[in-house]
Amino acid sequence: MTVMSAPMTFAVPSLCSPHAVSSGTPTDHAGAAACCLLEIDRVSLRFGGIKALNDVSFDIRSGEIRAIIGPNGAGKTSMLNCINGFYRPSSGHIVFEGVRRTHTRPSIAARGGIARTFQNVALFKGMTVLDNIMTGRALKIRSGILKQLIRFGPALSEEIEHRRKVEEIIEFLEIQAIRKTPVGKLPYGLQKRVELGRALAMEPRLLLLDEPMAGMNLEEKEDMSRFIVEVNRTYRTTITLIEHDIGVVMNLSDRIVVLDHGCKIADGTPAEIKSNQQVIEAYLGVGG
Amino acid sequence: MDEAGNADTFPKLLLHHVAVRAQRPAMREKRFGIWTTWTWEALAREVQALTLGLRASGVTAGQRVAVIGVNRSRLYWSITAVQCLGAIPVPLYPDSVADEMSYLLAHAGVVAAIVEDQEQVDKVLSVLAELPALRLVVYDDPRGMVDYDSGDRSLMSLEAVLARGQEASSAEGLGSAFVDLVARTDGAATSIILYTSGTTGRPKGTVILAGRAVRAARETVAADKLDENDEVLAYLPIAWGGDHYLNYAQGLVAGFCMSCPEEPETVAEDIVEIGPTFYFAPPSTLEGLLTRILIGMEDASRAKRWLFDTFMKVARRWGEPILNGTDGVPLHGRLLYRLGEALIYGPVKNVLGFSRIKVAYTAGEAIGPDLFAFYRSLGINLKQFYGQTEAFIYISAQPDGQIRSDTVGPAAPGVEIRIAESGEVQFRSPGQFVEYLNDPVRTQESMTPDGFVRTGDAGFFGADGHLRIIDRAKDVGRLADGTLFAPKYIENKLKFFPNIKEAVAFGADRGFVTVFININITAVGSWAERNGLSYASYQELAGLPQVYDIVLNHIRQVNRDLAAEPTMAGAEIARFVILHKELDADDGELTRTQKVRRAFVHEKYAGLISALYRGATECFVSTDVAFEDGRHGRIEATLRIADVNGEHRLRSIPAKTIVA
């Protein structure tokens, strides 16, 4: 048998192949590590006398997976709610892509490229998986409602374009078999995946995931972790996630910020966090 | 029938179809929710690019190339492209574990592997050290494939190979470089090597010649009147001889269109959209579909259930005579059946994707008479054949109108069958294999001096000229008192009950017959739900005393049947146990085609078997299991052993799983 004469090449699959999901917003990844996508500057949030967030500052860099962890009631979800404009910080401000603001509305944040999933799945239970993910495209639809109704010319080609994008996401998340299934009939783990799909349909630059793996079994967690890493790599999407499974967080994240009772107590790489005395105390309740 | 010229290889047939029916559909695949269709012309262009791309990457005539993955259009193109080069495709099962795959890749001496995705790449790369001959790995799906390091071996995407081939064939249409390659393919050369799962020992590489393969496919295409208007859905493993013959070989001979499902999980929807006219399913799949329909009907409204039950009675009475074209079906029978077709049979067939079926086959295992009759009574022309990879593929088949559930039909066209002294079925067939690769000993064992192939199956011809298969010849034994004991025969009778998924019978050289039972979790689970019994796992369900009662009743029914048959009387089942886990290919208990590996089960459960014969009423077992993700664990349980003729009450015993 003759030895192959092929050069010993290592081919990188091209992004324009029909299998690859092309990124909607090309960002220069090489320079991304240093580039700051979002900055939280001394944000505080009060509900009456309760301080949910107390003077918290940290940043999220373009292209990274950033985890927010902390015990129950530490203010993690409140933080996400401030970022996407659901809550208005009592003081401090947030700089997103260089634009500084004290408050915003969720719809504006969404238009600006921030998508999120929720701790308790928030999907339209009676609608199919396909339609649910399609709703993620709502902000991108340009033609008017009348044109859409009669599926006329540009409206039709626009819908085809949106559907194509949704189908890419369906393939990406490996949910082809449940494309036409009403979401309410699906097991919890798959609903979480569909919710991720809907967030991806917005082609966000910043994706906020609120406990994406809550209530999942080991296999579902592994699947979800894989999708999160692939979203980050394939679409170059910056991801901020809240998660209680510390093993998952340590494996996935580039950097972690730790909140406790509304205050930031640590910020750093997984290795740094693991050895941080204050974090250990917060979690084990020593001296608390 | 079409004159496919005198083409004696599959690449030549491809070019023949380009000449005769360039714009007819040749292949379809669903991607991004839409069916993409390739005409024969478009297909040939893709194959051309792949052929030239592989040549440019160093694959040459005579070399062996592994093809590993599920039913993807590009993997089928790869098989053809490799054949165009005069090289030999070796399709392998994608669910083989790494060391199985390593053995096969080394045994076949493959120089290149064309694989589906990252999972297969990982598997191949993990055993690369043992495969010095393997120089090139090509993957279809680029997902997750960035940052791969394959050392000094070449790792490429199929996309890149195609691009390389397109460069080499700048001409529009088919270039002379490709056409010349195809013209050089030889009918006397090896067309493909198909590994058979092997119920004993290592898999055997069955070497099939191109000319013989084409000749065999011509026979059955003519017999079943298949032509360019037919459609198939290729959903069974591409490494399995059946898929290669029924879809690939017959498709290239008849010029019909083969469709690939979107994903293995979407076959049920894809088949409805495609509506195949030629269909194959093993009995277990047909069983699963029937169970799905019956469970669906249980949830339907009362009116619908009544309609279904009423018209299924009509179908049972008149369906088969109408399908067989028998005279003497009264007018009211025909009218009622017509009405049933509109109300029930048509919709049921549509839900299954069976509306357009012209010919359907089942094979591989005995099929239950009720199951067989169900499909036929709906008006589906379901038939049985008996085949082997070594015969490529038909040995016997039922012609239209001569259908019985307990036979596999007379000899297939062009096949000679004889029954040896020992009761073994032996054949000579047009597609017959030439040898097992690198295995002269087993090749010689499998053939008689006068050129017949030993099937290893025991069977006999009935007065109607139809062949009946009893069991593997070596498995047919005798009880200690000399009574004939055919384990498979007993197991099949048990498996005809929807509640029993698998059974393993013991009794050779023993005083009486005992069986292991695997329950069907879908059927029994649905029953448990309706009766308010709670269970958390297969183990728990299998251990319920009520489930033992159900199985006990089934076994008593089988015993009555056995007692009524002169040759089998005396081999009734005396004791049984319901296993705490499903027999599984990952644990080595089944072959990849879901057949029980008897010797292995014997050895693994030796303690349990001896408890069955000791007269014990329970037995502690601890078995290692492999989970789907490759982890290992252990299941421990104390199993209840029941006497078929005893009357004592059973109590449930908890079982537990330990993940190691």
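Chain identifiers are assigned alphabetically (A, B, ...) following the order of the sequence lines, protein sequences preceding nucleic acid strands; residue numbering begins at 1 within each chain. All values below were derived from every heavy atom in this structure, side-chain atoms included, with hydrogens, water molecules and symmetry-related copies excluded.
The part of A/Leu218 that comes within reach of chain B is its side chain, from C-beta onward, which places non-hydrogen atoms under 4.5 angstrom from that chain. Both the backbone and the side chain of B/Glu265 have a heavy atom closer than 4.5 Å to some heavy atom of chain A.
Residues B/Glu262 and A/Gln176 bring no donor and acceptor atom of their side chains to less than 3.5 Å of each other.
No more than 12 heavy atoms of other residues, nucleotides or ligands lie within 6.0 Å of CZ in A/Arg233, so this atom counts as exposed by the packing criterion. For A/Lys125, the NZ atom is densely surrounded, since the number of other residues' heavy atoms within 6.0 Å is greater than 12. In A/Tyr188, the OH atom is crowded: over 12 heavy atoms of neighbouring residues, nucleotides or ligands sit closer than 6.0 Å. More than 12 heavy atoms of other residues, nucleotides or ligands lie within 6.0 Å of CG in A/Asn217, so this atom counts as buried by the packing criterion.
Here CZ of B/Arg31 is found 11.0 Å from CD of A/Glu167. Values are rounded to the nearest 0.5 Å. Annotation: the span from B/Thr266 atom OG1 to A/Ile178 atom CD1 amounts to 12.0 Å, rounded to 0.5 Å.
Figure legend: cation-pi geometry between B/Arg143 and A/Phe172, with NZ or CZ positioned under 6.0 Å from the six-membered ring centre and within 45° of its axis.
Under the 4.5 Å side-chain criterion, counting only non-hydrogen atoms from C-beta, A/Glu171 is in contact with B/Phe32.
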